[in-house]
Amino acid sequence: MNYKSYILSIIAIIAIGTSMVSAQNTEERQRRWMSDMREYKKEFLTREMELSQEQQDKFFPLYSAMDDEVYQLNKESRQLDRKVSSADNVSDLEYEATANAMLDVKDKEAKIEATYFEKFKEILSAKQLFLLKRAETRFSRNMLNMHRDRKTK
């Protein structure tokens, strides 16, 4: 191996290693951000719904399971969107099938929430069920406002 090939090999190894570390750091930051958001949301919901410790212990494992199912459903929808968006020569039939599949996500999400809502009835009062829906809306609005405010600074 000549000197130039040796140097280029070392540079390539360093570049690959750096990009792998960067990707790992990005994934770790995303995981940490998701974990922080879940914790913040848990505190927010606890406060807004006035949950007792016993209710928290029963409610949040179910709520997290529901959240995971909805997240997975939306992740699959985003993957489908990206697949069609990045493809060349997509037919009208493929666009329509993808649009229908993305529309179905909303129905499936509503069914998941309805299933868990029935389970929540065993833990929460009628008022707390109402406060849950209101708190979720407020949480989303707060997140959007914080994001918008951060962008304007």
Side-chain angles (χ1 to χ4, degrees), residues 14-153:
I14 291 171
I16 290 170
T18 302
S19 67
M20 288 173 58
V21 168
S22 177
Q24 288 172 343
N25 287 341
T26 300
E27 287 177 22
E28 180 58 33
R29 278 195 309 268
Q30 287 174 338
R31 270 195 294 275
R32 195 174 26 236
W33 183 85
M34 283 293 287
S35 176
D36 290 347
M37 280 299 102
R38 278 193 170 193
E39 189 59 34
Y40 176 68
K41 189 173 187 179
K42 180 179 176 180
E43 292 169 8
F44 186 87
L45 293 176
T46 298
R47 193 174 49 253
E48 291 288 311
M49 296 166 56
E50 300 173 356
L51 296 176
S52 69
Q53 186 61 52
E54 182 182 344
Q55 286 175 313
Q56 290 176 55
D57 294 342
K58 293 177 182 176
F59 173 72
F60 282 112
L62 282 174
Y63 190 82
S64 292
M66 179 189 74
D67 207 31
D68 289 342
E69 285 185 45
V70 170
Y71 176 81
Q72 186 61 38
L73 189 65
N74 285 305
K75 181 179 176 183
E76 292 167 7
S77 176
R78 287 188 304 274
Q79 289 171 340
L80 192 59
D81 181 325
R82 277 190 225 112
K83 181 180 174 186
V84 170
S85 296
S86 64
D88 293 331
N89 301 324
V90 178
S91 70
D92 285 345
L93 190 59
E94 290 171 309
Y95 277 128
E96 184 177 351
T98 303
N100 284 329
M102 293 169 72
L103 181 62
D104 288 344
V105 166
K106 297 224 182 257
D107 286 336
K108 291 176 182 176
E109 188 174 331
K111 288 177 183 171
I112 290 169
E113 288 186 15
T115 299
Y116 279 92
F117 194 78
E118 289 302 314
K119 296 175 184 179
F120 296 156
K121 285 180 179 181
E122 298 172 12
I123 302 165
L124 305 174
S125 69
K127 180 181 178 182
Q128 287 172 318
L129 289 168
F130 164 76
L131 292 173
L132 169 62
K133 298 315 290 174
R134 191 171 77 177
E136 287 175 323
T137 301
R138 284 183 176 176
F139 180 82
S140 296
R141 191 175 320 126
N142 287 350
M143 292 292 99
L144 288 171
N145 288 340
M146 284 180 8
H147 179 70
R148 185 188 62 233
D149 292 346
R150 198 174 83 210
K151 281 181 113 175
T152 59
K153 289 184 180 181

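Basis for what follows: all heavy atoms, side chains included, without hydrogens, waters or symmetry-related copies.
At a threshold of 4.0 Å, the pair Lys121-Glu118 counts as salt-bridged, since one of the basic side-chain nitrogens sits closer than that to a carboxylate oxygen. With salt bridges taken as basic N to acidic carboxylate O contacts below 4.0 Å, one links Lys58 and Glu54.
The minimum heavy-atom distance linking Met102 with Ser77 is given by the pair CG-OG, 3.7 Å. Contact detail for Tyr40 and Met143: the closest heavy-atom pair is CE2-CE, 3.3 Å. Summarising the geometry of Ala65 relative to Tyr116, their closest heavy-atom pair is CB-OH, 3.6 Å, with the distance given to 0.1 Å. Residue Leu51 comes nearest to Gln56 through the heavy atom pair O-NE2, 3.4 Å, listed as atom of the first residue, atom of the second, then distance.
Between Lys133 and Leu129, the closest side-chain pair of non-hydrogen atoms is not below 4.5 Å. Inter-residue side-chain proximity for Thr26 and Arg29 is flagged as met; some heavy-atom pair is nearer than 4.5 Å. No side-chain heavy atom of Phe59 sits under 4.5 Å from any side-chain heavy atom of Thr46. Using a 4.5 Å cut-off on side-chain heavy atoms (C-beta onward), Gln55 and Met49 make no contact. Contact annotation: the side chain of Glu109 approaches that of Asn74 to within less than 4.5 Å [non-hydrogen atoms, C-beta and beyond]. Between Tyr63 and Lys42 the shortest side-chain heavy-atom distance does not fall below 4.5 Å. In this structure the side chain of Leu144 never reaches within 4.5 angstrom of the side chain of Arg148, judged on heavy atoms. Two residues are said to be in side-chain contact when any heavy atoms from C-beta on lie closer than 4.5 Å; Met66 and Lys119 fail this criterion.
When each of Gln128, Arg134, Arg138 is tested with Glu48 by the rule side chain to side chain donor-acceptor pair (under 3.5 Å), just one qualifies, namely Arg138.
Between the side chains of Ser35 and Arg32, no donor-acceptor pair is found at a separation under 3.5 Å.
By the 6.0 Å contact criterion, CD on Gln79 is enclosed, its count of non-hydrogen atoms from other residues, nucleotides or ligands being greater than 12. Atom CG of Asn100 sits in a crowded spot, with more than 12 heavy atoms from other residues, nucleotides or ligands closer than 6.0 Å.
To the nearest 0.5 Å, atom CZ of residue Phe120 and atom OG1 of residue Thr115 are 10.5 Å apart. Atom-to-atom distance recorded for Asp107:CG and Ile112:CD1 is 11.0 Å, nearest 0.5 angstrom. Interatomic distance, Leu132 CG to Leu124 CG, rounded to the nearest 0.5 Å: 7.0 Å. To the nearest 0.5 Å, atoms NZ (Lys111) and CG (Leu73) are separated by 11.0 Å. Note that the CE atom of Met37 and the CG atom of Asp67 stand 12.5 Å from one another [nearest 0.5 Å].
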List the steps and the verdict of side chain to side chain donor-acceptor pair (under 3.5 Å) for Gln53 and Asp57.
CA-CA 6 Å; Gln53 186 61 52; Asp57 294 342; 2.9 Å; yes

Given Thr137 and Arg141, is the side chain to side chain contact (heavy atoms under 4.5 Å, CB included) satisfied, shown in steps?
CA-CA 6 Å; Thr137 301; Arg141 191 175 320 126; 3.5 Å; yes

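Judged by the 6.0 Å and 45° rule, Arg78 forms a cation-pi pair with Tyr71. In this structure, Lys127 is not positioned above the aromatic face of Phe130 in the sense of NZ or CZ being under 6.0 Å from the six-membered ring centre and within 45° of the axis.
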